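Residue numbering restarts at 1 for every chain, and letters A, B, ... go by the order of the sequence lines. As the structure is a computational prediction, the values presented were derived from the model and not from experiment.
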Number of protein chains: 2
Amino acid sequence: MNIQGASKQTGLPAKTIRYYEDIGLIQPDRAANGYRHFNTRDLHNLTFLARARALGFTIEDCRALLGLYEDESRASAEVKTIAQKHLQAIEEKIRDLQTMRETLSELVTSCHGDNRPDCPILSDLGGASQD
Amino acid sequence: MNIQGASKQTGLPAKTIRYYEDIGLIQPDRAANGYRHFNTRDLHNLTFLARARALGFTIEDCRALLGLYEDESRASAEVKTIAQKHLQAIEEKIRDLQTMRETLSELVTSCHGDNRPDCPILSDLGGASQD
DNA sequence: CCTTGACCTTCCTGTAACTGGAAGGCCTAT
DNA sequence: ATAGGCCTTCCAGTTACAGGAAGGTCAAGG
(Lines give C-alpha, C1' and ligand atoms only; values in the text may rest on other atoms or scores of the structure.)
Protein backbone atom coordinates (compact mmCIF):
# COMPACT_ATOMS: atom_id res chain seq x y z
CA MET A 1 0.00 0.00 0.00
CA ASN A 2 1.28 3.45 -0.91
CA ILE A 3 1.44 6.45 1.36
CA GLN A 4 -1.91 7.91 0.37
CA GLY A 5 -3.58 4.63 1.17
CA ALA A 6 -1.86 4.47 4.53
CA SER A 7 -2.88 8.05 5.15
CA LYS A 8 -6.52 7.36 4.45
CA GLN A 9 -6.54 4.21 6.52
CA THR A 10 -4.87 5.71 9.57
CA GLY A 11 -6.15 9.26 9.36
CA LEU A 12 -2.59 10.58 9.52
CA PRO A 13 -1.46 13.08 6.87
CA ALA A 14 1.13 11.72 4.45
CA LYS A 15 3.53 14.39 5.66
CA THR A 16 3.22 13.10 9.19
CA ILE A 17 3.84 9.53 8.09
CA ARG A 18 7.01 10.59 6.31
CA TYR A 19 8.05 12.46 9.40
CA TYR A 20 7.50 9.39 11.56
CA GLU A 21 9.74 7.43 9.25
CA ASP A 22 12.33 10.20 9.36
CA ILE A 23 12.57 10.04 13.13
CA GLY A 24 12.61 6.26 13.10
CA LEU A 25 9.17 5.41 14.46
CA ILE A 26 8.35 3.21 11.48
CA GLN A 27 10.41 1.53 8.76
CA PRO A 28 8.25 0.86 5.73
CA ASP A 29 9.80 -1.05 2.83
CA ARG A 30 10.55 0.62 -0.47
CA ALA A 31 9.38 -0.53 -3.86
CA ALA A 32 11.80 -0.63 -6.78
CA ASN A 33 10.75 2.86 -7.84
CA GLY A 34 11.48 4.29 -4.39
CA TYR A 35 7.87 4.47 -3.25
CA ARG A 36 7.17 3.53 0.35
CA HIS A 37 5.27 0.31 0.76
CA PHE A 38 3.22 -0.12 3.95
CA ASN A 39 2.48 -3.62 5.14
CA THR A 40 0.01 -4.72 7.78
CA ARG A 41 2.42 -4.23 10.63
CA ASP A 42 3.30 -0.71 9.46
CA LEU A 43 -0.37 0.14 9.30
CA HIS A 44 -0.89 -1.26 12.77
CA ASN A 45 1.96 0.78 14.14
CA LEU A 46 0.69 3.93 12.46
CA THR A 47 -2.73 3.39 13.94
CA PHE A 48 -1.13 2.88 17.32
CA LEU A 49 0.77 6.13 16.92
CA ALA A 50 -2.31 8.00 15.84
CA ARG A 51 -4.21 6.84 18.91
CA ALA A 52 -1.34 7.56 21.28
CA ARG A 53 -0.83 11.04 19.83
CA ALA A 54 -4.57 11.69 20.12
CA LEU A 55 -4.23 10.96 23.82
CA GLY A 56 -1.56 13.60 23.99
CA PHE A 57 1.50 11.41 24.45
CA THR A 58 4.69 13.05 23.24
CA ILE A 59 6.57 11.53 20.34
CA GLU A 60 9.20 10.19 22.73
CA ASP A 61 6.50 8.58 24.86
CA CYS A 62 5.07 7.12 21.68
CA ARG A 63 8.45 5.74 20.77
CA ALA A 64 8.71 4.03 24.14
CA LEU A 65 5.14 2.76 24.05
CA LEU A 66 5.52 1.43 20.54
CA GLY A 67 8.67 -0.38 21.63
CA LEU A 68 6.74 -2.00 24.45
CA TYR A 69 3.84 -2.74 22.13
CA GLU A 70 6.14 -4.74 19.91
CA ASP A 71 7.96 -6.42 22.78
CA GLU A 72 6.12 -9.57 23.73
CA SER A 73 8.12 -9.90 26.93
CA ARG A 74 7.33 -6.43 28.27
CA ALA A 75 6.16 -5.74 31.80
CA SER A 76 2.86 -3.90 31.88
CA ALA A 77 4.24 -1.88 34.79
CA GLU A 78 6.46 0.03 32.36
CA VAL A 79 3.49 0.99 30.25
CA LYS A 80 1.49 2.00 33.28
CA THR A 81 4.27 4.23 34.57
CA ILE A 82 4.43 6.16 31.32
CA ALA A 83 0.68 6.50 31.16
CA GLN A 84 0.42 7.63 34.77
CA LYS A 85 3.03 10.32 34.34
CA HIS A 86 1.26 11.58 31.29
CA LEU A 87 -2.06 11.53 33.11
CA GLN A 88 -0.59 13.66 35.87
CA ALA A 89 0.80 16.11 33.33
CA ILE A 90 -2.63 16.38 31.73
CA GLU A 91 -4.27 16.97 35.07
CA GLU A 92 -1.82 19.72 35.85
CA LYS A 93 -2.46 21.35 32.52
CA ILE A 94 -6.18 21.22 33.14
CA ARG A 95 -5.75 22.90 36.51
CA ASP A 96 -3.62 25.64 34.96
CA LEU A 97 -6.15 26.25 32.23
CA GLN A 98 -9.00 26.30 34.70
CA THR A 99 -7.25 28.99 36.71
CA MET A 100 -6.81 31.03 33.56
CA ARG A 101 -10.40 30.46 32.59
CA GLU A 102 -11.71 31.70 35.92
CA THR A 103 -9.70 34.89 35.83
CA LEU A 104 -10.44 35.54 32.19
CA SER A 105 -14.08 34.79 32.57
CA GLU A 106 -14.41 37.33 35.38
CA LEU A 107 -12.59 39.93 33.36
CA VAL A 108 -14.65 39.36 30.25
CA THR A 109 -17.86 39.58 32.24
CA SER A 110 -16.82 42.80 33.90
CA CYS A 111 -15.94 44.54 30.63
CA HIS A 112 -18.88 46.35 29.09
CA GLY A 113 -17.36 46.07 25.62
CA ASP A 114 -18.57 49.23 23.93
CA ASN A 115 -17.02 52.35 22.41
CA ARG A 116 -15.74 53.74 25.66
CA PRO A 117 -12.06 53.31 26.48
CA ASP A 118 -12.28 52.22 30.11
CA CYS A 119 -11.76 48.51 30.39
CA PRO A 120 -11.29 46.32 33.46
CA ILE A 121 -9.40 43.77 31.41
CA LEU A 122 -6.66 46.24 30.56
CA SER A 123 -6.70 47.66 34.07
CA ASP A 124 -6.14 44.22 35.48
CA LEU A 125 -3.39 43.34 33.04
CA GLY A 126 -1.77 46.67 33.79
CA GLY A 127 -1.48 45.63 37.40
CA ALA A 128 -4.41 47.44 39.03
CA SER A 129 -5.84 45.64 42.01
CA GLN A 130 -9.35 44.53 41.29
CA ASP A 131 -12.36 44.92 43.56
CA MET B 1 17.27 50.45 35.36
CA ASN B 2 19.27 47.66 33.73
CA ILE B 3 17.91 44.41 32.42
CA GLN B 4 18.53 42.42 35.59
CA GLY B 5 16.59 44.95 37.56
CA ALA B 6 13.74 44.83 35.09
CA SER B 7 13.86 41.08 35.24
CA LYS B 8 13.59 41.01 39.01
CA GLN B 9 10.84 43.57 39.08
CA THR B 10 8.67 41.94 36.42
CA GLY B 11 9.52 38.30 37.02
CA LEU B 12 10.44 37.87 33.35
CA PRO B 13 13.81 36.30 32.50
CA ALA B 14 16.29 38.69 30.92
CA LYS B 15 16.28 36.48 27.83
CA THR B 16 12.57 36.95 27.47
CA ILE B 17 12.85 40.71 27.83
CA ARG B 18 15.47 40.85 25.08
CA TYR B 19 13.24 38.69 22.94
CA TYR B 20 10.30 41.04 23.49
CA GLU B 21 12.45 43.91 22.33
CA ASP B 22 13.57 41.89 19.32
CA ILE B 23 10.02 41.34 18.15
CA GLY B 24 9.10 44.93 18.83
CA LEU B 25 6.89 44.63 21.90
CA ILE B 26 8.98 47.11 23.87
CA GLN B 27 11.53 49.78 22.95
CA PRO B 28 13.80 50.49 25.88
CA ASP B 29 16.38 53.27 25.50
CA ARG B 30 20.07 52.53 25.34
CA ALA B 31 22.75 54.03 27.54
CA ALA B 32 26.00 55.28 25.98
CA ASN B 33 27.62 51.91 26.63
CA GLY B 34 24.89 50.06 24.78
CA TYR B 35 23.11 48.79 27.88
CA ARG B 36 19.33 48.79 27.77
CA HIS B 37 17.71 51.29 30.09
CA PHE B 38 14.19 50.56 31.28
CA ASN B 39 12.02 53.46 32.33
CA THR B 40 8.74 53.36 34.22
CA ARG B 41 6.68 52.91 31.09
CA ASP B 42 8.85 50.02 29.90
CA LEU B 43 8.46 48.34 33.28
CA HIS B 44 4.71 48.88 33.15
CA ASN B 45 4.53 47.32 29.71
CA LEU B 46 6.66 44.38 30.74
CA THR B 47 4.42 43.76 33.73
CA PHE B 48 1.43 43.95 31.41
CA LEU B 49 3.02 41.41 29.11
CA ALA B 50 3.90 39.09 31.97
CA ARG B 51 0.31 39.13 33.21
CA ALA B 52 -1.14 38.65 29.73
CA ARG B 53 1.20 35.77 28.97
CA ALA B 54 0.34 34.19 32.32
CA LEU B 55 -3.28 34.22 31.18
CA GLY B 56 -2.23 32.31 28.09
CA PHE B 57 -2.59 35.05 25.49
CA THR B 58 -0.37 34.50 22.47
CA ILE B 59 2.38 36.99 21.72
CA GLU B 60 0.32 38.41 18.88
CA ASP B 61 -2.66 38.86 21.18
CA CYS B 62 -0.32 40.55 23.63
CA ARG B 63 0.88 42.86 20.91
CA ALA B 64 -2.68 43.86 20.12
CA LEU B 65 -3.66 44.21 23.77
CA LEU B 66 -0.59 46.29 24.56
CA GLY B 67 -1.44 48.55 21.64
CA LEU B 68 -4.91 49.04 23.05
CA TYR B 69 -3.50 49.50 26.54
CA GLU B 70 -1.44 52.40 25.30
CA ASP B 71 -4.20 53.87 23.15
CA GLU B 72 -6.27 56.23 25.24
CA SER B 73 -8.98 56.39 22.57
CA ARG B 74 -9.51 52.63 22.35
CA ALA B 75 -12.92 50.99 22.43
CA SER B 76 -13.20 48.42 25.19
CA ALA B 77 -15.16 46.25 22.73
CA GLU B 78 -11.93 45.48 20.90
CA VAL B 79 -10.30 44.26 24.08
CA LYS B 80 -13.31 42.20 25.01
CA THR B 81 -13.39 40.51 21.62
CA ILE B 82 -9.79 39.36 21.93
CA ALA B 83 -10.34 38.16 25.47
CA GLN B 84 -13.51 36.32 24.57
CA LYS B 85 -11.90 34.49 21.69
CA HIS B 86 -9.05 33.47 23.94
CA LEU B 87 -11.47 32.35 26.61
CA GLN B 88 -13.23 30.14 24.09
CA ALA B 89 -9.94 28.66 22.96
CA ILE B 90 -9.07 27.88 26.56
CA GLU B 91 -12.42 26.25 27.14
CA GLU B 92 -11.98 24.10 24.08
CA LYS B 93 -8.54 23.04 25.24
CA ILE B 94 -9.92 22.14 28.63
CA ARG B 95 -12.60 19.99 27.01
CA ASP B 96 -10.02 18.23 24.86
CA LEU B 97 -7.80 17.56 27.84
CA GLN B 98 -10.71 16.31 29.90
CA THR B 99 -11.58 13.83 27.19
CA MET B 100 -8.01 12.62 27.18
CA ARG B 101 -7.97 12.44 30.95
CA GLU B 102 -11.09 10.28 31.08
CA THR B 103 -9.81 7.79 28.55
CA LEU B 104 -6.34 7.69 30.06
CA SER B 105 -7.64 7.42 33.57
CA GLU B 106 -9.75 4.38 32.65
CA LEU B 107 -6.82 2.76 30.92
CA VAL B 108 -4.45 3.37 33.79
CA THR B 109 -6.94 1.99 36.26
CA SER B 110 -7.52 -1.13 34.20
CA CYS B 111 -3.82 -1.94 33.86
CA HIS B 112 -2.52 -4.10 36.68
CA GLY B 113 1.02 -2.81 36.18
CA ASP B 114 3.14 -5.79 37.11
CA ASN B 115 5.65 -8.06 35.44
CA ARG B 116 3.18 -9.68 33.10
CA PRO B 117 3.07 -8.50 29.50
CA ASP B 118 -0.67 -8.22 28.98
CA CYS B 119 -1.74 -4.62 29.16
CA PRO B 120 -5.10 -3.00 28.38
CA ILE B 121 -3.38 0.29 27.62
CA LEU B 122 -1.41 -1.20 24.75
CA SER B 123 -4.40 -3.22 23.61
CA ASP B 124 -6.47 -0.08 23.40
CA LEU B 125 -3.81 1.91 21.62
CA GLY B 126 -3.39 -0.98 19.21
CA GLY B 127 -7.01 -0.60 18.23
CA ALA B 128 -8.70 -3.32 20.25
CA SER B 129 -12.28 -2.55 21.25
CA GLN B 130 -12.57 -2.18 24.97
CA ASP B 131 -15.23 -3.65 27.22
C1' DC C 1 47.65 49.68 36.77
C1' DC C 2 45.87 45.13 36.62
C1' DT C 3 42.80 41.71 37.62
C1' DT C 4 38.55 39.61 39.03
C1' DG C 5 33.77 38.98 38.92
C1' DA C 6 29.47 40.43 37.75
C1' DC C 7 27.24 42.61 34.68
C1' DC C 8 26.03 43.62 29.72
C1' DT C 9 25.94 42.92 24.42
C1' DT C 10 25.02 40.20 19.89
C1' DC C 11 24.64 36.05 17.36
C1' DC C 12 23.78 31.18 16.54
C1' DT C 13 21.57 26.94 17.60
C1' DG C 14 17.94 24.01 19.42
C1' DT C 15 13.35 22.95 21.08
C1' DA C 16 8.14 19.93 19.42
C1' DA C 17 5.79 18.12 15.94
C1' DC C 18 4.85 18.92 12.24
C1' DT C 19 3.19 21.97 7.61
C1' DG C 20 3.91 24.19 3.15
C1' DG C 21 6.14 24.40 -0.92
C1' DA C 22 9.64 23.79 -4.55
C1' DA C 23 11.86 20.78 -7.91
C1' DG C 24 11.70 16.76 -10.05
C1' DG C 25 10.72 11.51 -10.96
C1' DC C 26 6.96 7.83 -11.95
C1' DC C 27 2.66 5.85 -13.76
C1' DT C 28 -1.61 5.45 -16.22
C1' DA C 29 -4.75 6.95 -19.66
C1' DT C 30 -5.83 9.32 -23.73
C1' DA D 1 3.30 12.91 -26.55
C1' DT D 2 1.06 14.80 -22.91
C1' DA D 3 -1.78 15.50 -18.94
C1' DG D 4 -2.98 14.30 -14.26
C1' DG D 5 -2.08 12.45 -10.22
C1' DC D 6 0.77 10.11 -7.75
C1' DC D 7 5.51 9.78 -5.49
C1' DT D 8 10.31 11.42 -3.88
C1' DT D 9 13.76 14.63 -1.25
C1' DC D 10 15.04 18.85 0.71
C1' DC D 11 14.49 23.42 2.71
C1' DA D 12 12.09 26.86 5.32
C1' DG D 13 8.69 28.33 8.71
C1' DT D 14 5.90 27.80 12.84
C1' DT D 15 5.77 29.36 18.81
C1' DA D 16 8.07 31.49 22.45
C1' DC D 17 11.60 31.34 24.06
C1' DA D 18 16.42 28.88 26.42
C1' DG D 19 21.32 27.75 26.24
C1' DG D 20 25.68 29.05 25.24
C1' DA D 21 29.71 31.23 22.97
C1' DA D 22 32.51 35.34 22.26
C1' DG D 23 33.42 39.57 23.71
C1' DG D 24 32.67 44.56 25.80
C1' DT D 25 31.90 47.30 30.48
C1' DC D 26 32.18 48.54 35.19
C1' DA D 27 33.31 48.76 40.15
C1' DA D 28 36.22 47.01 43.77
C1' DG D 29 40.49 45.36 45.60
C1' DG D 30 45.60 44.58 45.61
Whether B:E106 and B:R101 form a salt bridge (side-chain N of Lys/Arg under 4.0 Å from carboxylate O of Asp/Glu) is what I want to check.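 No, B:R101 and B:E106 are not salt-bridged.
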Between the axis at one end of the helix from C:dC1-D:dG30 to C:dT30-D:dA1 and the axis at the other (five pairs apiece), what's the angle to 10 degrees?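 Computed from the C1' atoms at both ends, the axes differ by 40°.
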Give each protein N/O atom lying under 3.5 Å from an N/O atom of nucleotides 11-14 of chain C, with the pair distance.
none

What nucleotide among [options] has an atom nearest to a side-chain atom of [X]?
X: A:N2; options: C:dC27, D:dC7, D:dA18; answer: D:dC7
X: B:N33; options: D:dC6, D:dC26, D:dT9; answer: D:dC26
X: B:I3; options: D:dT8, C:dT9, D:dC6; answer: C:dT9
X: A:T16; options: D:dT9, C:dT19, C:dT9; answer: C:dT19

Are any of B:Q4's side-chain N or O atoms less than 4.0 Å away from OP1 or OP2 of C:dA6?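 No, B:Q4 has no side-chain N/O under 4.0 Å of OP1/OP2 on C:dA6.
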Report the residues that fulfil side chain to side chain donor-acceptor pair (under 3.5 Å) with A:N45, sequence neighbours left out, ordered by chain and then residue number.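 Side chain to side chain donor-acceptor pair (under 3.5 Å) check on A:N45 returns A:E70.
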Rounded to the nearest 0.5 Å, how far does CG of A:D96 lie from CD1 of B:I90?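 Here the interatomic distance stands at 10.5 Å.
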Whether the side chain of [X] engages the backbone of [Y] through a donor-acceptor N/O pair (distance < 3.5 Å, no angle test) should be reported.
X: B:N2; Y: B:G5; value: no
X: A:H37; Y: A:A31; value: no
X: A:R36; Y: A:R30; value: no
X: A:S7; Y: A:I3; value: no

Listed by chain and number, what are the salt bridge (Lys or Arg N to Asp or Glu O under 4.0 Å) partners of A:R116, not counting sequence neighbours?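 Applying salt bridge (Lys or Arg N to Asp or Glu O under 4.0 Å) to A:R116 gives A:D114.
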Mind checking what makes salt bridge (Lys or Arg N to Asp or Glu O under 4.0 Å) contact with A:D118, not counting sequence neighbours?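 Partners of A:D118 by the salt bridge (Lys or Arg N to Asp or Glu O under 4.0 Å) criterion come out as none, since no residue qualifies.
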Protein-nucleotide distance (A:R30, atom CZ; C:dC26, atom C1'), rounded to Å: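 So the CZ-C1' distance, A:R30 to C:dC26, works out to 14 Å.
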Please collect all ring-ring contact (aromatic ring centres under 6.0 Å, His included) contacts where either partner lies in residues 73-120 of chain B, sequence neighbours excluded, each pair once.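 Non-adjacent pairs meeting ring-ring contact (aromatic ring centres under 6.0 Å, His included): B:F57-B:H86.
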Can you list the residues that meet the ring pair (Phe, Tyr, Trp, His ring centres under 6.0 Å) rule with B:F48, with sequence neighbours excluded?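 Residues passing ring pair (Phe, Tyr, Trp, His ring centres under 6.0 Å) with B:F48: B:Y69.
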Using a 3.5 Å cut-off and no angle test, enumerate the donor-acceptor pairs between side-chain atoms of residues 8-15 of chain B and protein atoms at least two apart in sequence or in another chain.
from, atom 1, to, atom 2, distance (Å)
B:T10, OG1, B:A6, O, 2.8
B:T10, OG1, B:L12, N, 3.2

Contacting residues from [range], given that a heavy atom lies under 4.0 angstrom of DNA chain D:
range: residues 84-97 of chain B; value: none
range: residues 44-60 of chain B; value: B:R53, B:T58, B:I59
range: residues 18-27 of chain B; value: B:Y19, B:Y20

Identify, between B:Y35 and A:R36, the residue whose nearest nucleotide on DNA chain D lies closer to the 5' end.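 Of the two residues, A:R36 wins.
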Could you name each residue pair satisfying salt bridge (charged side-chain N to carboxylate O under 4.0 Å, His left out) that touches residues 44-62 of chain A, not counting sequence neighbours?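 Qualifying pairs: A:R51-B:D124, A:E60-A:R63.
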